[in-house]
Amino acid sequence: MRRVALYDSMTRSVRVLAPIQPPRVGLFVCGLTPYDEAHIGHARTFVFFDVVARALTRWGYRVFSVQNVTNLDDKIIARAGELDEDPLLLAERHFLAWLFLAGRLGIRSVNYYPRATDYVPEILAQIQALVDRGYAYPSQGSVYYEIAKFPRYGALSGQRTEALRPGARVEVDDAKRAPGDFVIWKAATPGEPSWESPWGPGRPGWHIEDTAITLRLFGPRYDLHGGGLDLIFPHHESEIALAEAATGESPLVNYWMHGGLLNLAGEKMSKSLGNVYSLRTAIDEFGPMVLRFYYLNAHYRSPLEFVRAESLPEAREAYARLVLPSDRIAEILDRDGAERPGAEGPPELLERAEDLVERLDTTLADDFNSREAIALLFGWTRELTEHLDRFPSYSGDTLAALQEPYDWASETLGLFERSSTGRAGAWAQVVPIAIAARARARARGDFAEADRIRDELSAVGVHLEDDAAGTRWDFSGPK
RNA sequence: GCCGAGGUGGCAGAAUGGUUAAUGCGACGGACUGCAGAUCCGUUUCCUGGGGGUUCGAUUCCCUCCCUCGGCUCCA
C-alpha cells in the first residue's frame with residue numbers, strides 16, 4: 001500500500017491515511033437529493049471521490065464505497081406535489097437520470113447506492129437508542145435531537161451553537177427545547193409517505209439516514225467520509241452527534257474530506273435564482289471527458305470559478321491537446337495490433353515514461369493533487385510531440401510503453417476513455433476506401449470531388465484531417 | 001453578526017522560506033496546406049488583494065484590514 005496523505009477537515013491538517021482494518025477502506029460520500037436534474041456543480045464532487053476510490057484501489061487498498069440517496073425529504077415531497085407524482089417514484093426517476101450521467105462521466109467506483117427509505121428499521125433503532133440515552137426527545141409527534149446534550153457539537157464546523165441566529169432561516173418552533181435542536185423523526189402529514197413508529201407515524205429526518213446507513217454497513221467507526229464543503233454544517237456536524245451519542249464510540253470517521261464548490265463566476269448557482277447549468281446539457285455539448293478534465297484540472301479543495309462562456313470551451317481545447325499523442329498511438333495500435341513489429345524507441349524516452357508514472361503516483365498520493373498530475377501529463381504530451389512523426393515506425397511494445405502515463409491517467413483520473421464508436425466498428429471498413437478515392441481525386445487535381453467526399457463523410461460523423469503523413473480520420477458524430 | 005474556504009499574469013489554475021513563480025487557454029508572429037482543419041516552432045522578460053511584523057531573504061509563517069464564495073436547519 002502506497003503512503004497517502006490527505007487533508008482532514010476535522011483536524012484541519014494533512015494526515016497520512018491509516019485505515020482501521022488495512023487494506024480495507026470504508027468510504028462514505030453524501031449523495032444527491034434527487035428532486036431535480038443534476039447540475040455541473042454536483043458532478044465535481046462525485047468525480048473527485050471517484051478519483052479517490054480509483055487511486056486508492058490502484059495503490060493496494062480495498063475500497064468499499066457507498067453513496068446514499070436521500071430519496072425522501074421536504075423538497076422531493078413539494079416537487080412531487082407540484083407534478084402530482086409519487087415522491088418516491090420521482091426521486092427514483094431523478095436518481096436514475098443521475099446514475100446514467102455518472103456512467104457517462106466514468107464514475108464507476110461506487111459499490112452501493114442505499115436509498116434512505118430502505119433503512120427505516122435502522123433509523124428507528126437509532127432513534128430509540130438516542131431517546132433511551134437521553135439525547136433525543138419526542139415532541140408533538142416528532143423526535144428531536146438535543147444538541148445541548150452533546151458537548152462536542154460544533155467541533156467539525158467551528159460553529160458555536162449559541163452563535164447560531166435563531167429565526168434567521170429556522171422557524172422558531174415551540175416543539176423544540178432549543179432552536180438548534182434538529183428533527184430526526186418527522187411527524188406524518190396526511191398524503192405523505194410515512195412509517196409507523198413508537199412516536200407515531202412519520203418519516204426520517206435528513207441527518208439520521210446517513211448514520212443509520214453507515215452504522216449498518218461500516219459499524220460505529222469508519223475511515224473516510226466525503227461530501228461538498230456546504231455539507232459541513234449542519235449535516236456532517238449532526239451526523240457526528242447522532243452516531244457518537246447512539247454508539248458511545250468516537251470518532252465516527254477518521255478522515256473528513258470536503259470538496260470545494262463550483263461557483264458560477266460572480267453569481268451563486270442555485271435553483272431559486274434559476275441560473276443552474278444542467279449537467280446533461282454540458283455533457284451533451286462538450287462530452288464527458290472534457291467535463292471530467294475540467295473538474296480535475298483544479299485542486300479539489302479550491303473553489304472553481306465556472307465562467308459560463310469560457311470554461312468548457314477552454315477545457316475542450318486543453319483536453320484535445322493533452323490527448324493528441326495518446327490518440328495517435330491508439331490509432332496505430334487499433335489498426336495493427338499490439339504485436340506490430342517496428343523500431344524500438346529511444347531508451348531514455350522509455351525510461352522517462354516509467355519514471356513519470358512513479359511521479360504521477362507520488363503527486364496524486366499527496367492529497368489527490370490531480371492538477372499537478374495533469375501538468376505532468378502535459379509535459380509528457382509536449383515531449384512526445386517531437387516524436388509524433390516517428391510513431392508509425394515504432395514497435396507495438398514501444399508504443400505501449402509510451403502510452404503508459406496516459407494509461408495511468410485512464411486508470412486513476414478516468415480520463416482518456418475512448419468511446420466505443422471510435423475507429424472500430426463498421427467505419428473501419430468503409431472509410432479507408434473513401435479516403436483512398438479522395439486521395440486519387442486530389443492527385444489529379446479534382447478538388448471538387450475531394451471536397452465532396454470529405455463533406456459526405458462529415459455529414460455522417462466521420463471527420464478527416466490532412467497532415468504530412470496522409471489523411472487521418474475519427475468518428476466523433478455528425479456535425 | 002458568527003463559522004468556514006479563498007484572493008496568484010487577459011482568463012482558468014498549481015507550487016514553494018531563497019537562482020528566470022508551474023501548466024493550460026487566449027493573443028501575436030512564423031512554418032506546413034489546393035482549400036479547410038489540425039499540427040508544429042517562437043513570443044507573451046513588467047502576475048502572488050492592501051498595510052504591518054518575523055527573517056539574511058516571504059508569494060509562502062504571524063497580525064490586521066479589505067474583497068469574493070460557502071454555511072448558519074433544503075444545498076455536492
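Every chain is numbered from 1, with letters handed out A, B, ... down the list of sequences.
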Which one, [options], comes nearest to the side chain of [X]?
X	options	result
A:Asp73	B:rC74, B:rG71, B:rA14	B:rC74
A:Glu372	B:rA14, B:rU73, B:rA76	B:rA14
A:Leu262	B:rU23, B:rA76, B:rC74	B:rA76
A:His207	B:rA15, B:rU73, B:rG24	B:rU73

Around atom [atom1] of [X], are there more than 12 heavy atoms of other residues, nucleotides or ligands at under 6.0 Å?
X	atom1	answer
A:Arg452	CZ	yes
A:Phe100	CZ	no
A:Arg371	CZ	yes

Worksheet item: When the ring centroid of A:His94 is compared with that of A:Tyr35, is the distance short of 6.0 Å?
Response: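 Ring-ring flag for A:His94/A:Tyr35: false, centres at least 6.0 Å apart.
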
Worksheet item: Are A:His39 and A:Tyr277 close enough that their ring centers fall under 6.0 Å?
Response: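 Ring centres of A:Tyr277 and A:His39 not closer than 6.0 Å.
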
Distance in angstrom units between [X] [atom1] and [N] [atom2], rounded:
X	N	atom1	atom2	answer
A:Asn297	B:rA22	CG	P	17 Å
A:Phe182	B:rC72	CZ	C1'	14 Å
A:Leu312	B:rG26	CG	P	14 Å
A:Leu264	B:rC11	CG	P	18 Å

Any base atoms under 4.0 Å from [X], or only sugar-phosphate, or nothing? Heavy atoms, all strands.
X	value
A:Gly227	sugar-phosphate
A:Ala375	base
A:Ile374	nothing

State plainly whether the residues [X] and [Y] are in salt-bridge range, i.e. N to O under 4.0 Å.
X	Y	result
A:Glu449	A:Arg442	no
A:Arg79	A:Glu85	no
A:Glu317	A:Arg321	no

When you compare the protein's N or O atoms with those of nucleotides 3-9 of chain B, which come within less than 3.5 Å of each other, and at what distance?
from, atom 1, to, atom 2, distance (Å)
B:rC3, O2', A:Ser157, O, 2.4

Discussion item. At under 4.0 Å between heavy atoms, how does the protein contact nucleotides 34-44 of chain B? Give one character per nucleotide, 5' to 3', with B, S or -.
Written reply: BBBBSSS----

Worksheet entry | A:Thr70 and A:Asp73 side chains, donor-acceptor separation under 3.5 Å |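 Not at all, the side chains of A:Asp73 and A:Thr70 share no donor-acceptor pair under 3.5 Å.
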
Worksheet item: Side-chain N or O of A:Asn369 less than 4.0 angstrom from OP1 or OP2 on B:rA15?
Response: yes

Discussion item. Using Watson-Crick or G-U wobble geometry with both distances under 3.5 Å, which nucleotide pairs with B:rG4?
Written reply: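 In the structure as shown, B:rG4 has B:rC69 as its Watson-Crick or wobble partner.
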
Worksheet item: B:rG26 base to A:Glu314 side chain: any donor-acceptor pair below 3.5 Å?
Response: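 No.
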
